[in-house]
2 protein chains.
Amino acid sequence: MAAVSVRDVAVRAGVSVGTVSNVMNHPEKVSRAVVTRVQDAIEHLGFIRNDAARQLRAGHSKTIGLIVLDARNPFFTDVARGAEDKAADAGLTVILGNSDENTARESTYLDLFEQQRVHGVLISPYADITSRLRRLRDRGIPAVLVDRTSVDLSFSSVSVDDLAGGRVAVEHLIAQGRRRLAFIGGPMAIRQVTDRLEGARRAVAVNRDVYLEVIEIEALSVIAGRTAGAEIVARPLAQRPDAIFAANDLVAMGVLQALMMQGAHVNVPAEIALIGYDDIDFASAAVVPMSSIRQPSALIGATAVEILLEEAADPTIEPRQVVFQPELVVRASTRG
Amino acid sequence: MAAVSVRDVAVRAGVSVGTVSNVMNHPEKVSRAVVTRVQDAIEHLGFIRNDAARQLRAGHSKTIGLIVLDARNPFFTDVARGAEDKAADAGLTVILGNSDENTARESTYLDLFEQQRVHGVLISPYADITSRLRRLRDRGIPAVLVDRTSVDLSFSSVSVDDLAGGRVAVEHLIAQGRRRLAFIGGPMAIRQVTDRLEGARRAVAVNRDVYLEVIEIEALSVIAGRTAGAEIVARPLAQRPDAIFAANDLVAMGVLQALMMQGAHVNVPAEIALIGYDDIDFASAAVVPMSSIRQPSALIGATAVEILLEEAADPTIEPRQVVFQPELVVRASTRG
DNA sequence: GTGTCACTATAAATCGATTCAATCCGCGGG
DNA sequence: CCCGCGGATTGAATCGATTTATAGTGACAC
């Protein structure tokens, strides 16, 4: 097995291992001639340094751990992309863990990241893990919450104002003349869901004649949305809402499919207006292009990495709460 | 900084570091009493072993590197999921790299994985990287190609018969009575695209009266599909195809949206039948549920990991080519 | 009482890159 | 001609977990 180490490079270049290391990490300390000689040797032998050894000495790795609630949700894919790009600028890599809204998986990934002595952790938490994060921080691994604020503000966070988002969505529906609204979302254990619902409630509260029905579902998925949509289609016309606010776009797409299905054929938006949340790519690509609440997903990821790097560099820094404002995107599904 | 090492655990348990290591890795070599004493100490101190040190000694890490062409494509997400689950069974983790059909990014991830001395590499290659993979193998890092067969069969691969898939899709369209077909896909540098097209051509070849038009697009994305679809809608009726085979579901969804857009309102499938490829979740959730060619994506990932582990355990093993057969899924978009 | 066997536990060596104190070299100033 | 200075280079120590050869312990047979 032809494992090439600094030692081999050193021998071939006729220098010491220390010099080889310097060529790679502090080239300004080494003479021009030696630099090229060593680089030739590296090139010729195809030397690739052993990260484990480097990490062991450094005390921490050049990776950032990111734990998301659902790797298949385009919103998180976008967050991850933003984080990756920002991290790459600093020479770091992001490893992605998918907790799948599962406490055990979440905990496993935290263990894994601690074993790897990652540079820092970005997490969209599911369970209450503040004590776990506190321990990580005590050991020099900072953490930043993503898409959620920390309960006690002892950690930095980057999130979007879900309350405002919920309010804006429903205000828009009301402005379009809708009065019998339905909120479809769940499970209520997820903070984003309850926040969006609360925002919706507040918008409704200032209008006497508007009614808001809440339909709770098992998961924020296309399938769950379709089921809820089918239930609405099955109702007599008079009992149907005239507008639906779905907790995210996946749910909204499921609802849309149920509404337009063979046989049902509810006219969107004439009979029922529909608005989602997240503004994923598929939202604009839906048959009835869907109104949605846009979150600056890539920016969220990038900002989180930025804060993480600051905290890694200076652990005494004060935690910061960054809250982005969401943006209403009006498309055909609520127009008219 | 309270970094806890085996040494601290050893002191607290009143044993040597070697014994602590044995408790974790070869508990059968240690007496009951000592095992519990050490475990208590580990628990109490919150010890989490340093992976870098472990890796350094072992010579390779407990991670598998996976490089995909497009992390946002649900097909690859599913492949990744299958790989993750299988890897987890063996106590390994998967790190995901997104080459984004970009030679530089692909190469960067290969470097990264080699630095990390990963257990093995799974890759859906973009550029020709056989020589790179050969070097990895010489250094004890096996590689398995995913969704693509190796040119010279010197590497194992797990793929789906794209030729058969293309043929089956078009045979189905022809069986439905369609004669003026269009294939929408690209870029032609991607093997899967050309294979599916070639399969389509063969199905057409045996039918004298069937015509196949090829519309090349820039990328396998919703947007590119929408653009191509708009172009078709703009044609006079007589020049439109009566059936479209899209190179994947993302493209098909774009096409579908263009066909059904405000003003266009082409009836699918009455006027134009539409079939995609991959059978992603969104395909069945589309307004006109979309026919597609299903690939056993999670199984592909799982199988690839399986082969990788075999090769890692015994490097002298012969490379294997596993080819799954795709499956036609008929839904409303081609029925009638 | 001694030798042997079977367990346990220990100490030291090891993996490979980095770092820092020590050394070397060449050259200008005294 | 020697000293001293500064930049270049070296080599040994280091990170922490694993492993291997070694030593310790007790039981048991002779």
Side-chain angles (χ1 to χ4, degrees), chain A residues 1-39 41-42 45-62 91 111-112 114-118 139-141, chain B residues 1-39 41-42 45-62 91 111-112 114-118 139-141:
Chain A
M1 222 150 286
V4 182
S5 76
V6 272
R7 174 156 278 111
D8 301 314
V9 174
V11 169
R12 181 159 224 278
V15 297
S16 73
V17 292
T19 300
V20 175
S21 173
N22 279 332
V23 168
M24 295 187 295
N25 303 297
H26 309 281
E28 76 283 358
K29 294 187 156 186
V30 185
S31 68
R32 277 253 162 280
V34 173
V35 168
T36 51
R37 194 142 46 92
V38 170
Q39 282 175 340
I42 289 176
L45 297 172
F47 166 75
I48 295 216
R49 72 165 158 244
N50 185 325
D51 234 22
R54 186 197 203 349
Q55 278 182 38
L56 177 57
R57 190 84 232 282
H60 58 83
S61 83
K62 296 189 91 51
D111 281 351
L112 182 72
E114 188 168 353
Q115 280 179 33
Q116 305 216 3
R117 303 293 192 270
V118 294
R139 298 190 174 166
I141 301 180
Chain B
M1 219 150 288
V4 182
S5 76
V6 272
R7 171 159 281 110
D8 303 311
V9 174
V11 170
R12 181 159 223 279
V15 297
S16 72
V17 293
T19 301
V20 175
S21 173
N22 279 331
V23 167
M24 296 187 293
N25 302 297
H26 310 281
E28 76 283 358
K29 293 186 158 188
V30 185
S31 68
R32 279 247 160 284
V34 173
V35 168
T36 52
R37 196 142 45 90
V38 170
Q39 281 175 341
I42 289 176
L45 296 172
F47 166 75
I48 294 214
R49 74 164 159 243
N50 185 323
D51 235 23
R54 187 200 207 344
Q55 278 182 40
L56 177 56
R57 191 85 235 282
H60 58 84
S61 85
K62 297 188 92 50
D111 281 350
L112 182 72
E114 188 168 352
Q115 280 179 33
Q116 306 215 3
R117 303 294 193 268
V118 293
R139 296 188 176 168
I141 302 179

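Note that these values count all heavy atoms, side chains included, but never hydrogens, waters or copies made by symmetry.
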Give me, pair by pair, the N or O atoms of the protein and of nucleotides 4-7 of chain D that are less than 3.5 Å apart, along with how far apart they are.
none

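Of the inter-residue distances, the one linking B:Gln116 atom CD with A:Gln116 atom CD reads 7.5 Å to the nearest 0.5 angstrom. To the nearest 0.5 angstrom, B:Arg54 atom CZ is 12.5 Å from B:Leu56 atom CG.
D:dA17 atom P lies 16 Å from atom NZ of B:Lys62, rounded to whole Å. Atoms CZ (A:Arg57) and C1' (C:dC15) sit 14 Å apart, rounded to a whole Å. Following rounding to the nearest Å, A:Leu56 (CG) and C:dC15 (P) show an atom-to-atom distance of 14 Å. Atom-to-atom, NE2 of A:His60 to C1' of D:dC15 comes out at 12 Å; the value is rounded to the nearest Å. If you measure from atom CZ of B:Arg7 to atom C1' of C:dA12, you get 11 Å, rounded to the nearest angstrom.
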Please test B:Val23 against B:Gln39 for side-chain contact (heavy atoms from CB on, under 4.5 Å), starting from the C-alpha separation and ending with a verdict. CA-CA 8 Å; B:Val23 167; B:Gln39 281 175 341; 4.2 Å; yes
Please assess B:Arg12 against B:Asp8 for the test side-chain contact (heavy atoms from CB on, under 4.5 Å), listing each intermediate value before the final yes or no. CA-CA 6 Å; B:Arg12 181 159 223 279; B:Asp8 303 311; over 6 Å; no
Let's go through A:Val4 and B:Arg139 carefully: what are the C-alpha distance in whole Å and the side-chain angles of both, what is the deciding distance for side-chain contact (heavy atoms from CB on, under 4.5 Å) to 0.1 Å, and is it a yes or a no? CA-CA 9 Å; A:Val4 182; B:Arg139 296 188 176 168; 3.6 Å; yes
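Residues A:Phe47 and A:Met24 meet the side-chain proximity criterion, which asks for heavy atoms closer than 4.5 Å. Side-chain atoms of B:Gln55 and A:Asn50, non-hydrogen and from C-beta on, never get closer than 4.5 Å to each other.
Sorted by first and then second residue, the side-chain hydrogen bond (donor to acceptor under 3.5 Å, both in side chains) pairs involving residues 21-34 of chain A (not counting sequence neighbours) are A:Ser21-A:Asn25.
In this structure, B:Thr36 has no side chain to side chain donor-acceptor pair (under 3.5 Å) partners at least two apart in sequence or on a different chain.
Fit an axis to the five pairs at each end of the helix from C:dG1-D:dC30 to C:dG30-D:dC1 and the two axes sit 70° apart, to the nearest 10 degrees.
The two residues B:Ala41 and B:Ala13 have their closest heavy-atom pair at CB-CB, 4.0 Å. Across every non-hydrogen atom of A:Val118 and A:Ser61, the tightest pair is CA-OG, 3.6 Å.
Note on A:Val20: nothing from the nucleic acid sits closer than 4.0 angstrom, heavy atoms only. As judged by a 4.0 angstrom heavy-atom cut-off over every strand, B:Ser5 is placed among residues touching the sugar-phosphate backbone only.
Relative to the side chain of A:Thr19, the nucleotides D:dC15, D:dT10, D:dG16 differ in distance, and D:dT10 lies closest.
Panel note: side chain B:Arg117, backbone B:Glu114; a donor-acceptor pair is recorded below 3.5 Å.
Listed by residue number, the members of residues 46-55 of chain A with any heavy atom below 4.0 angstrom from DNA chain D form an empty set. Contacts between residues 21-36 of chain A and DNA chain C, defined by a heavy-atom separation below 4.0 Å, involve A:Ser21, A:Met24, A:Asn25, A:His26, listed by number.
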